[in-house]
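Down below is the structure, laid out as structure tokens.
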Amino acid sequence: MTIVIGLTGSIASGKSTVANMFKDMNIPVIDADQISRDVVQPGEPAYQEIVETFGEQVLEEGGGLDRKKLGKIVFADEAKRKQLNSIVHPKVREEMIRRREQYKQKQYQAVVLDIPLLFESNLTDYVEKILVVYVDEKTQLERLMERDQSEREDAEERIHAQIPVKKKAELADAVIDNSGTVEGSLQQLKDILHGWGIV
């Protein structure tokens, strides 16, 4: 029996760090963000739809998507964000399910679906256990500004586009408080997996 774990958090909560911990334990991780980049490559159906919907202004000189330009458009306009999501999300979901079933057939102990917007996109029924990576809002804001070299206002806008991380923590089966050291987070993860009968 493969346990399907949904890994989520909020932007700059350190979810990637925890995803890498799973990989180090030989637990496969299906990365929704990576898949969402793959499905919008030139030549893919979603790429075509995005260019038709948003125009060539969202392209780089080489013809690939300029994610920053597209991000600026959709983060500022909810209707456009929904439009983009309606193009990309179905393709991402199909691919996630395909990979999840492959790992289940190979009878892995667990497989992780790394989905930043697990709650926002109502994908909780794709997984059996939900693990939220948590940091307090002050730490989150500081990390995001530092990571993306962004202005405070931009960073706050991106944080507020998601469900607050506190709320996500309340909805989770388990929470890793990632405000401390990497070692501390790893120990929390091991304890949680042990409690779920994995590893």
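Taking every heavy atom of both residues into account, E128 and T2 meet most closely at OE1-O, 3.6 Å. Here the closest heavy-atom approach between residue K69 and residue Q57 is recorded as CD-O, 3.2 Å. Considering every non-hydrogen atom in both P116 and A32, the closest pair reads CD-CB, 4.3 Å. Between E44 and D38, the shortest heavy-atom distance links the atoms CG-O, 3.6 Å. Of all the heavy atoms in S13 and S10, the pair that sits closest is OG-O, 2.7 Å. Nearest heavy atom pair, residue A155 against residue L141, reads CB-CD1, 3.7 Å.
Residue K15 forms a side chain to side chain donor-acceptor pair (under 3.5 Å) with just one option from T8, D114, D33, and that option is D114.
Looking at E94 and R98, no side-chain N of the basic residue comes within less than 4.0 Å of a carboxylate O on the acidic one, giving no salt bridge. Taking 4.0 Å as the cut-off between side-chain N and carboxylate O, K91 and E95 do not count as a salt-bridged pair. Using a 4.0 Å cut-off between charged nitrogen and carboxylate oxygen, K166 and E170 do not count as a salt-bridge pair. The existence of a salt bridge linking R143 and E146 is excluded, since no basic side-chain nitrogen approaches an acidic carboxylate oxygen closer than 4.0 Å.
No more than 12 heavy atoms of other residues, nucleotides or ligands lie within 6.0 Å of CD in Q107, so this atom counts as exposed by the packing criterion. Within a 6.0 Å sphere centred on CD of E137, other residues, nucleotides and ligands contribute 12 heavy atoms or fewer. Residue-environment remark: NZ (K72) stays at or below the threshold of 12 foreign heavy atoms within 6.0 Å.
The closest side-chain heavy-atom distance from I198 to M25 is not below 4.5 Å. Put simply, the side chain of Q109 does not reach to within 4.5 Å of the side chain of I3, judged on heavy atoms. Two residues are said to be in side-chain contact when any heavy atoms from C-beta on lie closer than 4.5 Å; V4 and Y103 fail this criterion. The shortest distance between side-chain heavy atoms of F119 and V132 falls below 4.5 Å. Counting heavy atoms from C-beta outward, L118 and L123 have side chains that approach closer than 4.5 Å. Side-chain contact between K129 and I192 is absent, with no heavy-atom pair separated by less than 4.5 Å. Side-chain contact check for E142 versus V135: every heavy-atom pair is 4.5 Å or farther apart. Residues Y47 and L59 form a side-chain contact, since some pair of their non-hydrogen atoms from C-beta on lies under 4.5 Å apart.
Of the inter-residue distances, the one linking D154 atom CG with D148 atom CG reads 9.5 Å to the nearest 0.5 angstrom. Within the model, atoms CZ of F75 and NZ of K80 stand 15.0 Å from one another, a figure rounded to the nearest 0.5 Å. Within the model, atoms CE of M96 and CG of D31 stand 10.0 Å from one another, a figure rounded to the nearest 0.5 Å. Within the model, atoms CG of L131 and CD1 of I5 stand 7.0 Å from one another, a figure rounded to the nearest 0.5 Å. To the nearest 0.5 Å, the span separating CZ on F54 from CG on L65 amounts to 10.0 Å. To the nearest 0.5 angstrom, L189 atom CG is 9.5 Å from Q187 atom CD.
In terms of hydrophobic clustering, with Ile, Leu, Val, Met, Phe, Trp and Tyr side chains grouped at heavy-atom distances under 4.5 Å, V175 and L186 are assigned to different clusters. Linking Ile, Leu, Val, Met, Phe, Trp and Tyr residues whenever their side-chain heavy atoms come within less than 4.5 Å places L84 and V58 in a single cluster. When hydrophobic clusters are built by joining Ile, Leu, Val, Met, Phe, Trp and Tyr residues whose side-chain heavy atoms come closer than 4.5 Å, directly or via intermediates, L117 is not grouped with I87. Connection of W196 to M21 is established within a shared hydrophobic cluster, with ILVMFWY side chains joined at heavy-atom distances below 4.5 Å, either directly or through further cluster members. I159 and V133 fall into different hydrophobic clusters, defined by Ile, Leu, Val, Met, Phe, Trp and Tyr side-chain heavy atoms under 4.5 Å apart, directly or through other members.
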Worksheet item: Would R67 and V40 count as a side-chain contact (heavy atoms from CB on, under 4.5 Å) if you check the C-alpha gap in whole Å, the side-chain angles of each, and the deciding distance to 0.1 Å?
Response: CA-CA 10 Å; R67 294 174 72 86; V40 298; 4.1 Å; yes
Fill in: CA sep, side-chain torsions, deciding dist, call: L171, I130, side-chain contact (heavy atoms from CB on, under 4.5 Å)
CA-CA 8 Å; L171 299 167; I130 296 172; over 6 Å; no
Worksheet item: Between K168 and E120, does a salt bridge (charged side-chain N to carboxylate O under 4.0 Å, His left out) hold up when you go through it step by step?
Response: CA-CA 10 Å; K168 290 182 180 183; E120 289 87 344; 3.1 Å; yes
Worksheet item: Yes or no on side-chain contact (heavy atoms from CB on, under 4.5 Å) for D191 and Q188, after CA distance, side-chain angles and deciding distance?
Response: CA-CA 5 Å; D191 293 344; Q188 290 176 66; 5.7 Å; no
Item to complete: Any chance you could lay out the side-chain contact (heavy atoms from CB on, under 4.5 Å) test for R158 and S150, step after step, and finish with the verdict?
Response: CA-CA 10 Å; R158 294 187 68 183; S150 57; over 6 Å; no
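In this structure a side-chain-to-backbone donor-acceptor pair under 3.5 Å is missing from Q83 to T53. Between the T181 side chain and the G184 main chain, a donor and an acceptor come within less than 3.5 Å of each other.
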